[in-house]
There are 2 protein chains.
Amino acid sequence: MAANAGEMTIDTSHMDILSVAADCFEKSGFAATSIDDVARKLGATKGRIYHHFPSKTDLFVAVVRRGMAMCYEVIEPVRQLDLPPLQKLSRMAAAHAKLMIETKHFQRSVWEGVEMHRRAAMTPDQREALEELLKTREGYSALFRRELTAARDNGDLDFENLSVTNQLMFMALNSPIFWYSPRPGETETDINRLVGQIVQFALRGLGASKEFTG
Amino acid sequence: MAANAGEMTIDTSHMDILSVAADCFEKSGFAATSIDDVARKLGATKGRIYHHFPSKTDLFVAVVRRGMAMCYEVIEPVRQLDLPPLQKLSRMAAAHAKLMIETKHFQRSVWEGVEMHRRAAMTPDQREALEELLKTREGYSALFRRELTAARDNGDLDFENLSVTNQLMFMALNSPIFWYSPRPGETETDINRLVGQIVQFALRGLGASKEFTG
DNA sequence: ATATGAACATACTACCGAGTATGTTGTCAA
DNA sequence: TTGACAACATACTCGGTAGTATGTTCATAT
């Protein structure tokens, strides 16, 4: 119990830093966020952060890793359902879009991480650290592509290029990280309705029939 | 002729800087791009840049302004065509998407400018400088919303919330600035096909019938 | 009781990058 | 030819930031 409490403290402190760091990275981006900014928002000093993370890059990567882990955690149960491809894709899309809304600050960092990698705007050590995460990301994307392909083979979807289509679909599903901001008095139902619009847009874009998308 | 040549030189030098700056901002983002980076890529030094632009912020704003001007220039002739709303929207969307591909480096800065404003990650002087541009951007967006609304009233489109839908549509149309990269040996036809896919995705997402979107 | 180490804070260093101050060169005007 | 100015280059300043080195405190183990 003592050890347990000790680990709890460690994990909590660790997670607190990650969460605040995600907030800062969301607001200002990686480059414009200073460790002191994060520390200030934590009501602490650099010492605390550098005790847990060896560098700013490692802190950022940890945020990205956590964000991507959230995606997997949310998708995994849906993925295991025994449903026809389009149905499953629809559920996966909804789960993903909702997560984007609920964990926006983390997912913004995930996005920036992907962008940093794509633009190759990194030092070698940053690149190496992100490399692993990008493979994970690719695996995640593949989960969706599988259902996309299956649904097209079924005749339930209609699109030309798989890669392009996948990009377009994810752009729509990810988009709330750019334009969503919580409304005062917003309910779970409001969010679900928002998610519904996003998924409907995406699936129709993919060529799903209106009977399916409502 | 002397005056003309002089102005030509000025404008050319000015535009050269803008173009290279756009490249740099695209690769590394505003915060991570240094004036020295831009100068180096120009084969020049800071002196040249600061002779034309009073500050890094002003340089960035100039890039954004130029990018947005390109949008208006491309859209304006299409907008004046006498076509039914959905037809016009489709042409406007195609023109916009194609411009995103062709002037990707500028449009990335436009995007970042909008993001900076939205995240309020700026000094007061930056904010003021961007304020004007954001109004221009809003006007541009309104051109599309007008056709969206008209097409829906016609029964040619089907969507719930105009604002959300507008966001989703622009996410799709803008998306090439994130994932497009020119293929070796790529032809105009290839690009047009790509644009076709993007527009098809967007219009279907908006609820256009398959008879229209093909 | 005391030693030990985790979890921080404090106080530095070193560097980088925005902005400035001051040359230097060529061009045109009178 | 010379003076004036545009269009840069060079050489600085100076504030901010990543990272480090060194306390300090508190809990736990022995």
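Side-chain atoms are counted along with the backbone in the values below, which use heavy atoms only and exclude waters and symmetry mates. Nothing here was measured: the structure is a model prediction, and the numbers come from that model. Letters A, B, ... mirror the listed sequences (proteins, then strands); counts begin at 1.
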Can you tell me which residue pairs pass the side chain to side chain donor-acceptor pair (under 3.5 Å) test with a partner in residues 93-102 of chain B, sequence neighbours excluded?
B:H96-B:Y140, B:H96-B:N174, B:K98-B:E188, B:K98-B:N192
Can you tell me which nucleotide in D:dC8, C:dC8, D:dA9 comes closest to the side chain of A:R48?
C:dC8
Rounded to whole Å, CG of A:D16 lies from P of C:dA7 at a distance of 13 Å
CZ of A:F53 versus C1' of C:dA7: gap in Å, rounded?
14 Å
May I have the step-by-step check of ring-ring contact (aromatic ring centres under 6.0 Å, His included) for A:F25 and A:H105, ending in yes or no?
CA-CA 8 Å; A:F25 289 141; A:H105 48 308; over 10 Å; no
Hey, does the side chain of [X] come within less than 4.0 Å of [N]'s phosphate (OP1/OP2), counting only N and O?
| X | N | answer |
| --- | --- | --- |
| B:H52 | D:dC8 | yes |
| A:H51 | C:dA7 | yes |
| B:S13 | D:dC8 | yes |

Between B:S13 and B:R48, is any side-chain donor less than 3.5 angstrom from a side-chain acceptor?
yes
Check whether the side chains of A:S163 and A:N166 place a donor and an acceptor atom closer than 3.5 Å, and report yes or no.
no
Would you indicate whether the side-chain heavy atoms of A:M171 and B:L168 approach each other to under 4.5 Å?
no
Compute both the distance and the angle, then confirm whether A:K56 meets the cation-pi test with A:F30: under 6.0 Å from the six-membered ring centre, within 45 degrees of the axis.
yes
What pairs of nitrogen or oxygen atoms, one from the protein and one from nucleotides 11-18 of chain C, lie under 3.5 Å apart?
from   : atom 1 : to    : atom 2 : distance (Å)
C:dA18 : OP1    : B:T33 : O      : 3.3
C:dA18 : OP1    : B:K56 : NZ     : 3.2
C:dA18 : OP2    : B:I35 : N      : 3.0
C:dA18 : N7     : B:K46 : NZ     : 2.8

Whichever of A:P54 and A:R40 has its nearest DNA chain D nucleotide further upstream toward 5'
A:R40
